[in-house]
There are 2 protein chains.
Amino acid sequence: MPRENREEHTKERILDSAEVLFAQKGYQAVSVREITSAARCNLAAVNYHFGKKENLYLEVFRSRWVPRATRIRESFRKALAGQDSLSPPKVVRALAQAFVEGPLSDEERLRHSQLMTREMTQPTGAFELVAQEVIQPFFKEFADTLRSVQTDEMGQEQMLLNTFSIFSMVLYFNFARVAVSRITGREYNTDFRARLVEQITQFSLQGLGVSEMEV
Amino acid sequence: MPRENREEHTKERILDSAEVLFAQKGYQAVSVREITSAARCNLAAVNYHFGKKENLYLEVFRSRWVPRATRIRESFRKALAGQDSLSPPKVVRALAQAFVEGPLSDEERLRHSQLMTREMTQPTGAFELVAQEVIQPFFKEFADTLRSVQTDEMGQEQMLLNTFSIFSMVLYFNFARVAVSRITGREYNTDFRARLVEQITQFSLQGLGVSEMEV
DNA sequence: GTTTGTATCAAACGATCGTTTGAATGTCAA
DNA sequence: TTGACATTCAAACGATCGTTTGATACAAAC
């Protein structure tokens, strides 16, 4: 690295700015000039470091989104590893906490959900990456963990749909903040996030047919 | 109307094409040329009939999205009006059916969810319209209906959060089709949609704490 | 038949887009 | 000190964007 660092490498600053802007506005709505301006570098830097805008978008998922998803997943694992014995309430609460309170800052969490929601509504090349490396494995891990502590017999499809039901709440309460805040009249502060974790946990446990309220 | 109709007025054809394209790609990703080309009319027609592109986007919500939301709402109402007596299972199933099977064609349902999801993730001027005229009232109507047939006492906030939990599933199973289909390995045909209605209904009822499986 | 108003059209406007260019600037090994 | 290489920069490229213009076609009113 010939040139000395100015706080952070240009390439990293571009990735940081790009992630924020892509999450906020979407791929098409963000111009290369907007990104390089926010990253305080020259316009040509994007093409020099990434070849073209589309590659930058993919690199945002590779170098920013996937690691963050991994942190969420590890947060979920550690919460379970610290337990003497597992139970459905513990597993579900660990998931809700990992996503809604979790290891991320509030801004990170918002960006994370926004980027994922974008790829789910209109998948680009990044969806393949996200689906194969993150969503599918995490989804399977959660479903398997839950099944292993579940007393009831449950078919494979039933288990998948239940997992989707839980994930739908987790994701929705993140990406639809505007609507949720507007209707409930509550801001997304620490208190309300804790309240949401409880809501997701309790609703899901009952949805799963777990009647006992063990914690 | 001086000029004779060619199948349908130009203005209506523009609205039809615009809705499809905006739902598929989002506002910024769709060009005026793309819309007018799909509507088989001149480029200047958008500015002649709507003033500017942004107004066309708003008009799509006013003249296409809102009426469709109204049809869903009426479908929900009629399903309940045809009953002798109401119960939580009936109310929840009516909602799930209205959204997942409902009065819309499958393409309409997809477009509807996509446009709503877009406004929820990054609200534009259309969000105010959608929130005030549709989402808030419908949300309130459903919550009130459910409360009126609910035996348990439940606080206002708890009721709202439960409603959100139900809506999150309804919306998620619509807009996240790609992910759902990929992981479950099932297409969104009539069978699977009926299966999803059952999933949403059963999961929600248990989530609401309704143990008896009355239909 | 002339006028009036609506609608459509091809063509062009200036602005902005993603990308490329070539020179300038820096670092490090020889 | 020199040469090779990596990085940054201002400037420009052609393409496409939303929008405007002025001409034209057409139906109804007078």
Side-chain angles (χ1 to χ4, degrees), chain A residues 1-64 115 118 122 124-126, chain B residues 1-64 115 118 122 124-126:
Chain A
M1 43 193 86
R3 201 63 79 84
E4 88 228 33
N5 294 9
R6 60 161 85 170
E7 309 160 28
E8 202 183 3
H9 280 136
T10 301
K11 190 171 180 177
E12 298 302 311
R13 292 206 317 279
I14 291 177
L15 282 167
D16 290 338
S17 302
E19 192 202 1
V20 172
L21 291 167
F22 282 146
Q24 282 177 355
K25 308 183 172 189
Y27 178 78
Q28 297 266 7
V30 178
S31 69
V32 175
R33 283 167 176 83
E34 204 174 348
I35 294 169
T36 54
S37 177
R40 303 183 313 284
C41 68
N42 188 269
L43 168 64
V46 162
N47 297 82
Y48 175 76
H49 286 288
F50 303 96
K52 55 180 183 176
K53 184 187 175 186
E54 190 183 334
N55 294 346
L56 168 60
Y57 183 75
L58 279 171
E59 194 56 34
V60 163
F61 274 87
R62 260 193 288 267
S63 70
R64 295 288 188 273
L115 286 174
R118 284 190 196 291
Q122 49 176 343
T124 69
Chain B
M1 47 192 83
R3 200 66 76 86
E4 88 229 34
N5 293 9
R6 60 160 88 168
E7 306 162 30
E8 201 182 4
H9 278 136
T10 302
K11 190 171 180 178
E12 298 302 312
R13 292 205 318 278
I14 291 176
L15 282 167
D16 290 337
S17 302
E19 192 202 0
V20 172
L21 290 167
F22 283 146
Q24 283 176 354
K25 306 184 173 187
Y27 178 77
Q28 297 266 8
V30 178
S31 69
V32 175
R33 283 169 176 81
E34 204 174 348
I35 295 169
T36 53
S37 176
R40 302 182 314 284
C41 68
N42 188 268
L43 168 63
V46 162
N47 297 80
Y48 176 77
H49 286 288
F50 303 96
K52 54 180 184 175
K53 184 188 176 186
E54 191 184 332
N55 294 346
L56 168 59
Y57 183 74
L58 280 171
E59 193 57 34
V60 163
F61 274 87
R62 259 195 287 269
S63 71
R64 296 287 189 273
L115 286 174
R118 284 190 196 290
Q122 49 177 344
T124 69

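Please read these numbers as outputs of a predicted model, since none were measured by experiment. The figures that follow rest on heavy atoms only: side chains count, while hydrogens, waters and symmetry mates do not. Letters A, B, ... are given to chains in the order of the sequence lines, protein chains preceding strands, and every chain is numbered from 1.
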Whether over 12 other heavy atoms sit under 6.0 Å from A/Glu54 CD = no

Length of the CG-C1' vector between A/Asn42 and C/dG22, whole Å = 13 Å

Can you tell me if the side-chain N/O atoms of B/Thr10 get under 4.0 Å from OP1 or OP2 in C/dT8?
-> yes

Compare side-chain N and O positions of B/Lys52 against OP1 and OP2 of D/dT19 and report whether any pair is under 4.0 Å apart.
-> no

Indicate yes or no for a side-chain donor-acceptor contact from B/Arg118 to the backbone of B/Phe22 under 3.5 Å, with no hydrogens or angles considered.
-> yes

Check the distance between C/dA10's P and B/Tyr48's OH and give it to me in whole angstrom.
-> 17 Å

In whole angstrom, give the distance that lies between atom CG of A/Asn47 and atom P of D/dA11.
-> 18 Å

Where the side chain of A/Ala44 is defined as all heavy atoms beyond and including C-beta, which of D/dG18, D/dC9, C/dC17 is the nearest nucleotide?
-> D/dC9

C/dT8 P sits how many Å from B/Lys11 NZ, rounded?
-> 11 Å

Atom pair distance, as rounded to whole Å: CG in B/Leu56 and P in D/dG18 = 11 Å

Could you give the CG-to-C1' distance, from A/Leu43 to D/dA12, as a whole number of Å?
-> 11 Å

Give the rounded distance in Å between these two atoms: CZ of A/Arg40 and C1' of D/dC9.
-> 16 Å

From CA spacing to verdict: side-chain contact (heavy atoms from CB on, under 4.5 Å), A/Asp16, A/Arg64 = CA-CA 8 Å; A/Asp16 290 338; A/Arg64 295 288 188 273; 2.9 Å; yes

Can you tell me how far C1' of C/dT19 sits from OH of A/Tyr57, to the nearest Å?
-> 21 Å

Going from CG on B/Leu58 to CZ on B/Arg62, what distance comes out if it is rounded to the nearest 0.5 angstrom?
-> 5.5 Å

N or O in side chain of B/His49 less than 4.0 angstrom from C/dT8 OP1/OP2 = yes

